[in-house]
Amino acid sequence: VQGTGWEDNFNLAKKYYETHGNLKIPRGFQFDGTGINLNTWIITQRNNRKKGKLSEDKIKKLDSIGMDWNGRSSNGEIAVTVSASNRVAI
């Protein structure tokens, strides 16, 4: 997220994990007053890892708070979103 350091965003993700026990962050979720879309940040971390742009240290930190690198549900199924027009996005 522009203007905010990686560690700051990680700490917000960690706070979410400590409260909810997972990183299944709803689309658009923000902690009060931060203006940081935490779901988007998590997706960015997944993409950065796939592109080889995420250090091993950051990967380990995210692993420590239950990062799901595949964006799948806890039972291994692909997360599916159904829009108002009934189209399925995977």
Side-chain angles (χ1 to χ4, degrees):
V1 174
Q2 191 174 7
T4 304
W6 192 93
E7 287 292 331
D8 294 331
N9 292 326
F10 171 78
N11 288 330
L12 291 174
K14 184 177 178 182
K15 180 179 174 182
Y16 185 94
Y17 177 79
E18 290 170 349
T19 302
H20 300 279
N22 62 60
L23 291 176
K24 297 176 183 172
I25 302 166
R27 208 179 283 175
F29 178 86
Q30 297 181 9
F31 281 105
D32 292 336
T34 64
I36 296 167
N37 184 330
L38 199 51
N39 177 273
T40 299
W41 185 79
I42 290 291
I43 291 168
T44 299
Q45 301 318 299
R46 283 188 192 121
N47 291 335
N48 285 344
R49 183 181 184 205
K50 288 177 189 174
K51 295 175 185 175
K53 295 181 178 181
L54 200 60
S55 71
E56 284 299 316
D57 182 55
K58 290 178 179 178
I59 292 169
K60 286 179 184 177
K61 283 186 168 192
L62 289 164
D63 283 342
S64 77
I65 60 170
M67 179 65 152
D68 177 3
W69 295 104
N70 296 316
R72 295 173 185 263
S73 67
S74 60
N75 64 5
E77 295 176 355
I78 296 173
V80 175
T81 303
V82 179
S83 69
S85 64
N86 292 326
R87 292 187 180 149
V88 177
I90 297 177

Taking the side chain as C-beta and beyond, is there a heavy-atom pair between Met67 and Lys61 under 4.5 Å? no
Test item: Ile65 and Tyr16 side chains (from C-beta on) under 4.5 Å apart, heavy atoms: no
How long is the span from the OG atom in Ser64 to the CZ atom in Phe10, to the nearest 0.5 Å? 4.5 Å
Would you call Leu62 and Leu54 a side-chain contact if the rule is heavy atoms closer than 4.5 Å? yes
What distance separates His20 NE2 from Lys15 NZ, expressed to the nearest 0.5 Å? 9.5 Å
Side-chain contact, heavy-atom cut-off 4.5 Å: Asn48 with Trp6? no
Considering all heavy atoms of both residues, which atom of Gln45 and which atom of Trp69 are nearest to each other, and what is their separation? O-CZ3, 3.7 Å
Output the distance between atom OH (Tyr17) and atom CG (Leu23), rounded to the nearest 0.5 Å. 7.5 Å
Cluster link Ile36 to Ile43, ILVMFWY, side chain under 4.5 Å: no
If you round to the nearest 0.5 Å, how far is NZ of Lys14 from CD of Glu7? 9.5 Å
The single option from Thr40, Asn47, Ile42 that satisfies side chain to side chain contact (heavy atoms under 4.5 Å, CB included) with Thr44 is Thr40
